[in-house]
Amino acid sequence: MGNRYNFKEIERKWQKYWAEESQYKVYEDPEREKYYLLEMFPYPSGKLHMGHVRNYSIGDVVARFKRMNGLNVLHPMGWDAFGLPAENAAIKHGTPPSKWTWQNINSMREQLKSMGFSYDWDREVATCHPDYYRWTQWLFLQLYHNGLAYKSKSAVNWCPSCNTVLANEQVVNEGCERCGTAVIKRDLEQWMFRITKYADRLLQDLELLPGWPEKVKTMQSNWIGRSEGVEIKFTAETGDPIPVFTTRHDTVFGVTYMVLAPEHPLVEKVTRGTEYEKPVRDFLEKMRRTDETQRTAEDIEKEGMFTGAYAVNPLTGERIPIWIANYVLMEYGTGAVMAVPAHDQRDLEFARKYGLPVRVVVQPDGEDLDPNTMTEAFPGDGTAVNSGQFSGLPTPEAKEKMADFIEENGLGGRKVNYRLRDWLISRQRYWGAPIPIIYCDQCGAVPVPEEDLPVYLPEDVEFKPTGESPLKYNEEFLHTECPECGGPAQRETDTMDTFVCSSWYFLRYTSPYETGTAVNKEKSDYWMNVDQYIGGVEHAILHLMYARFFTKALKDIGLISANEPFQNLLTQGMVLKDGAKMSKSKGNVVSPEEIIEEFGADTARLFILFAAPPDRDLEWNDQAVEGCYRFLNRVWRLVTGQEELVKGCSSTDDPVIGTSRDKELNRLLHHTVKRVTNDVSDRFNFNTAISGIMEFVNGIYDYIENVDQDARNIPLLKQAFQVLLKLLAPFTPHIAEELWERICGKPGVHLQSWPTYDPEALVVDTITLAVQVNGKVRDHVEVSVNASQDEIQEQVLALDRVRELVGSKKVVKVIVVPQKLVNVVIK
RNA sequence: GCGGCAGUGGCGGAAUUGGCAGACGCGCUAGGUUCAGGACCUAGUGGGCAUUGCGCUCGUGGAGGUUCAAGUCCUCUCUGCCGCACCA
């Protein structure tokens with residue numbers, strides 16, 4: 001091999017070597033401190049994109065760094081392999097989803113390997129493999145037996161284009177998260193996970209996660225949407241109870257009407273046989289139609305209709321009309337609200353539109369609301385008025401007293417409501433883990449016995465052009481025996497939401513070959529929690545909430561000990577080109593393959609880590625990529641240029657420092673170690689870590705250029721080169737290993753201990769202080785590092801420049817900031 | 001509307017605890033050196049004014065304030081991005 005930086009040859013060589021040496025294989029070792037580093041596993045779409053490269057490059061730096069710091073690092077990789085694209089490809093090209101998926105996995109695995117990521121490939125999992133989904137099914141059964149999985153008929157979100165139901169979380173702007181098609185409501189019987197049982201803990205335990213971004217915690221907390229209030233029992237004149245949930249029970253004296261959601265079961269009952277029956281039915285029909293199309297409109301007009309019925313306010317005994325309106329949601333609270341137009345903007349708009357009365361029951365301090373003219377509701381705190389014995393109380397107190405009153409008199413009670421819904425996991429799709437349930441005419445829904453798992457997904461299937469699941473027509477799959485009575489029975493043909501599969505994969509990595517259970521408890525106890533999780537912020541709610549739910553549920557069932565899955569979370573920014581996210585439709589995609597081909601994996605990694613801090617968006621810049629390539633060439637020339645001089649890595653003695661040049665280089669060396677260590681370990685600021693290494697390289701060049709060959713301190717240079725390669729190792733592993741082999745005679749830079757710095761070496765004799773006059777820098781002064789404040793002050797005041805500026809003015813005071821500057825204040 | 005984040009040269013970004021704004025890199029300019037080929041080396045590079053000097057001055061979205069000292073703290077305000085959005 002010549003002396004040029006031949007990245008292609010080098011990268012291939014070391015990837016092969018590391019694999020042969022099994023350098024990244026790990027075992028549980030109670031003697032050693034563990035570190036579980038995890039990046040979100042990819043969907044095997046076929047090709048790695050820059051987002052993956054960024055995610056996994058960040059992770060690999062941390063993994064390699066922690067390893068060099070002596071930790072036992074678990075760094076696994078796998079495939080989130082079930083999902084719709086495989087089926088779409090099957091319908092389009094006739095390739096079976098399984099074949100398509102495994103081909104993609106194989107080619108993406110090769111691409112990951114060509115980046116030099118240090119995964120323990122022996123722990124690889126794929127959620128579509130029977131050895132994996134068998135345990136997904138098994139976990140479903142555990143949830144089922146513990147009352148956390150149930151079947152229920154309800155109005156669900158249906159995507160007519162994907163031919164499946166969607167979880168609440170997968171509905172974005174009233175459309176399908178995947179294809180954007182407007183979602184419609186259908187009444188279906190579906191399998192659900194009782195995540196609402198964990199609502200409070202999911203919310204509370206966010207406090208146990210100081211290592212998560214505030215943004216993600218806020219999003220989860222908003223999604224859970226906890227609100228404290230009171231449920232009050234209103235009663236219709238028909239005798240039917242109409243409970244309402246409110247957070248403003250202190251305004252109950254201001255209720256002038258009530259509103260039911262259009263889907264509320266009482267609507268039909270109270271209108272049946274009355275003159276209102278037909279108009280209400282027409283209205284509901286109209287609502288249902290707009291529901292499907294127009295719900296995305298920004299400010300849809302509040303619309304409603306009187307039902308002809310009345311209810312009684314249990315606190316006042318007042319008779320109030322019952323309306324229906326589009327702004328009341330059946331899914332939240334009780335599907336009915338008490339309307340207080342003076343203190344709720346929606347109620348006020350509605351009241352004004354339909355001429356309903358407005359009554360003020362809270363007066364703000366120093367104001368006097370007029371119910372006849374007010375155009376904006378007053379939702380704030382004030383003093384209760386027109387509220388019987390509660391009048392005169394400030395809002396917080398009124399809330400307490402009235403809640404007590406309501407409870408004492410049996411009119412209702414305090415209640416906590418959540419926005420979070422149970423997790424609907426049934427999917428009417430083929431390419432997913434079959435739900436292990438059998439339907440028997442005699443016995444009903446019967447869980448598949450654990451010993452019969454897995455319920456295999458048949459792989460030779462034919463797709464209907466309609467996109468309907470082939471499982472429905474697969475006789476062999478469909479027909480079975482009832483495990484209870486042995487009679488003929490049918491299998492559930494729905495599969496599980498792929499988010500179920502990804503809600504526990506981090507546990508499987510801890511014991512991927514375990515055959516007796518989903519997770520080996522001893523091993524997961526050693527490895528869990530994940531110390532650092534890295535991935536895109538787009539999973540802030542769905543995946544991260546589901547994984548937290550699973551962890552808590554499995555802990556309660558006794559399968560694991562962890563309460564939270566991910567101790568620290570880093571959400572990386574997007575990779576942009578020309579200011580926009582890379583996408584095929586915009587034509588601004590840069591493929592990782594091209595970059596690896598042109599500049600090598602080390603350059604790709606270096607650029608992506610150098611161009612921006614990991615949590616920020618990163619703008620792709622071809623020229624800056626070349627800049628990184630030039631830097632690696634510069635490193636290459638530096639080390640190979642001195643190769644003969646600095647050969648040999650056996651001596652561990654510190655070099656003897658003689659000249660001031662030596663001292664300078666030595667100080668830079670220790671300074672760089674300190675800086676890079678801090679940047680990588682505390683802050684994950686790889687961009688500044690790399691700039692530190694660049695300065696170090698510049699410093700070594702300076703030394704070589706300014707010191708004659710025979711005057712160079714060879715032990716010092718040796719140390720400098722070794723430290724440089726160790727610092728580079730986590731970022732650009734291949735070139736670091738190649739150059740290490742060249743100067744040390746054998747490979748192994750990644751097995752070295754991370755360098756430490758000597759605080760002594762950082763100490764200098766003199767330091768340069770900035771000299772300010774009235775806060776502006778006017779001069780610099782060199783002072784002894786031991787100089788006292790008085791000595792420094794004296795020295796500064798004696799400076800020509802300072803004396804000139806002071807002139808006849810008076811020195812008011814002199815501020816000396818040690819190590820930094822001196823400010824002379826004059827007047 | 002509510003919540004979160006951000007705004008610094010031509011560009012990506014530094015400034016970790018209030019202490020020299022612009023590290024490092026890209027780009028650009030000039031010079032050198034090879035042109036064996038994605039070069040390399042040296043010097044310069046925020047604006048304006050001076051450039052026979054070493055200096056002066058303005059400058060971190062905007063306006064105020066606190067301080068000897070503010071990108072950093074406080075008040076108000078503008079802009080952009082992201083998330084949620086009839087949740088009673």
Side-chain angles (χ1 to χ4, degrees), chain A residues 4 172-173 213-219 221-223 225-227 229 244-249 251 258-259 295 298-300 302 325-329 331-340 343-347 349-350 379 417-420 537-538 540-541 573-574 598-599 606-607 610-613 615-631 633-634 637 675 678-679 682-683 685 687-695 697-698 701 705 768-780 801 812-826:
Chain A
R4 259 180 55 237
V172 179
N173 290 331
E214 225 32 64
K215 177 188 167 119
V216 173
K217 286 192 280 188
T218 310
M219 282 166 74
S221 149
N222 289 343
W223 190 263
R226 182 182 201 273
S227 54
V244 301
F245 175 76
T246 177
T247 53
R248 290 303 303 273
H249 42 278
T251 63
M258 72 185 308
V259 194
R295 269 287 173 93
E298 279 285 301
D299 277 312
I300 49 162
K302 291 182 181 28
N326 59 349
Y327 74 94
V328 176
L329 310 170
E331 302 89 53
Y332 187 75
T334 62
V337 300
M338 57 177 224
V340 188
H343 304 292
D344 183 287
Q345 188 59 30
R346 297 157 301 180
D347 295 345
E349 283 169 30
F350 194 76
N417 242 314
Y418 298 94
R419 213 186 80 116
L420 184 71
V537 73
E538 66 272 18
I541 296 175
M574 289 186 297
E598 252 187 293
F599 301 106
L606 189 68
F607 166 74
F610 179 58
D615 52 344
R616 253 198 262 178
D617 286 350
L618 180 153
E619 174 71 27
W620 189 266
N621 178 337
D622 287 322
Q623 285 174 318
V625 174
E626 286 189 41
C628 289
Y629 180 67
R630 280 202 293 272
F631 170 72
N633 273 287
R634 197 164 144 79
R637 286 195 307 272
R675 206 179 138 181
N678 288 342
D679 284 351
D682 300 347
R683 311 199 304 157
N685 276 10
N687 55 332
T688 51
I690 292 166
S691 75
I693 297 174
M694 287 172 169
E695 285 177 60
V697 169
N698 292 344
Y701 265 109
E705 273 156 27
T768 305
L769 300 181
V771 176
Q772 296 184 335
V773 176
N774 283 351
K776 285 185 174 151
V777 181
R778 299 298 184 184
D779 203 356
H780 287 90
R801 190 88 184 93
V812 182
K813 63 174 147 174
V814 179
I815 291 148
V816 179
V817 184
Q819 316 287 315
K820 298 245 159 92
L821 56 69
V822 182
N823 190 8
V824 181
V825 185
I826 60 172

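Proteins get letters first, then strands, A, B, ... in listed order; numbering begins at 1 in each.
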Applying side-chain contact (heavy atoms from CB on, under 4.5 Å), can you list everything that pairs with [X], at least two apart in sequence or on another chain?
X	result
A:Ile541	A:Glu169, A:Met219, A:Trp223, A:Met545
A:Val771	A:Asp779, A:Val781, A:Val796, A:Leu799, A:Val802
A:Ala325	A:Val259, A:Tyr327, A:Phe350

Which part of the nucleic acid, if any, lies within contact of [X], taking any heavy atom under 4.0 Å across all strands shown: a base, the sugar-phosphate backbone alone, or nothing?
X	answer
A:Pro213	nothing
A:Glu214	nothing
A:Gly627	sugar-phosphate
A:Glu619	nothing
A:Val337	base

Subject >> Nucleotide-resolved protein contact map, nucleotides 29-34 of chain B, B/S/- at heavy-atom distance under 4.0 Å >> reply: ------

Original post:
Could you write nucleotides 56-61 of chain B as a row of B, S and -, 5' to 3', where a protein heavy atom under 4.0 Å of any base atom gives B, of only sugar-phosphate atoms gives S, and otherwise -?
Top reply: SSS---

Between [N] and [X], is there an OP1 or OP2 to side-chain N/O distance shorter than 4.0 Å?
X	N	value
A:Arg4	B:rG37	no
A:Tyr332	B:rA88	yes
A:Arg634	B:rG25	no
A:Ser227	B:rA88	yes
A:Asn633	B:rA39	no
A:Arg616	B:rA14	yes
A:Asn698	B:rG25	yes

Nearest of [options] to any side-chain atom of [X]?
X	options	answer
A:Asn823	B:rG19, B:rC24, B:rG27	B:rG19
A:Thr688	B:rA15, B:rA85, B:rG25	B:rA15
A:Ile815	B:rG19, B:rG25, B:rC40	B:rG19
A:Arg419	B:rC84, B:rG19, B:rC24	B:rC84
A:Gln772	B:rC20, B:rG3, B:rA88	B:rC20
A:Ser691	B:rC24, B:rG13, B:rC84	B:rC24
A:Gln623	B:rU16, B:rA39, B:rG27	B:rG27
A:Phe610	B:rC87, B:rC41, B:rC24	B:rC24
A:Arg346	B:rG3, B:rC41, B:rA88	B:rA88
A:Met694	B:rC40, B:rC24, B:rA85	B:rC24

Original post:
How would you list, by chain and number, every residue that makes a side-chain hydrogen bond (donor to acceptor under 3.5 Å, both in side chains) with A:Tyr332, sequence neighbours excluded?
Top reply: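 Residues passing side-chain hydrogen bond (donor to acceptor under 3.5 Å, both in side chains) with A:Tyr332: A:Ser227.
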
Name the pairing partner of [N], where a pair is Watson-Crick or G-U wobble with both distances under 3.5 Å, or state none.
N	result
B:rU45	B:rG27
B:rA15	none
B:rG3	B:rC82

Original post:
Can you find a donor-acceptor N/O pair under 3.5 angstrom joining the side chain of A:Lys302 to the base of B:rC86?
Top reply: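 Result: at least one qualifying N/O pair found.
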
Original post:
Ignoring hydrogens and angles, are the base of B:rG1 and the side chain of A:Gln345 linked by a donor-acceptor pair under 3.5 Å?
Top reply: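 Donor-acceptor pair under 3.5 Å: no.
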
**OP:** Nearest-nucleotide wise, let me know which of A:Asp617 and A:Glu705 is further upstream toward the 5' end of RNA chain B.
**Re:**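 Result: A:Asp617.
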
**OP:** Between A:Met219 and A:Thr246, just flag the one whose closest nucleotide in RNA chain B comes earlier from the 5' side.
**Re:**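 First, find each residue's nearest nucleotide; the 5'-ward one identifies A:Met219.
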
Looking at every non-hydrogen atom in both residues, tell me the closest pair between [X] and [Y] and how far apart they are.
X	Y	value
A:Phe610	A:Asn687	O-CB, 3.3 Å
A:Val822	A:Val814	CG1-CG1, 3.7 Å
A:Ala770	A:His780	CA-CD2, 3.7 Å

Between [atom2] of [N] and [atom1] of [X], the distance in whole Å:
X	N	atom1	atom2	result
A:Arg683	B:rU16	CZ	P	8 Å
A:Glu538	B:rC81	CD	C1'	16 Å
A:Ile690	B:rG12	CD1	C1'	13 Å

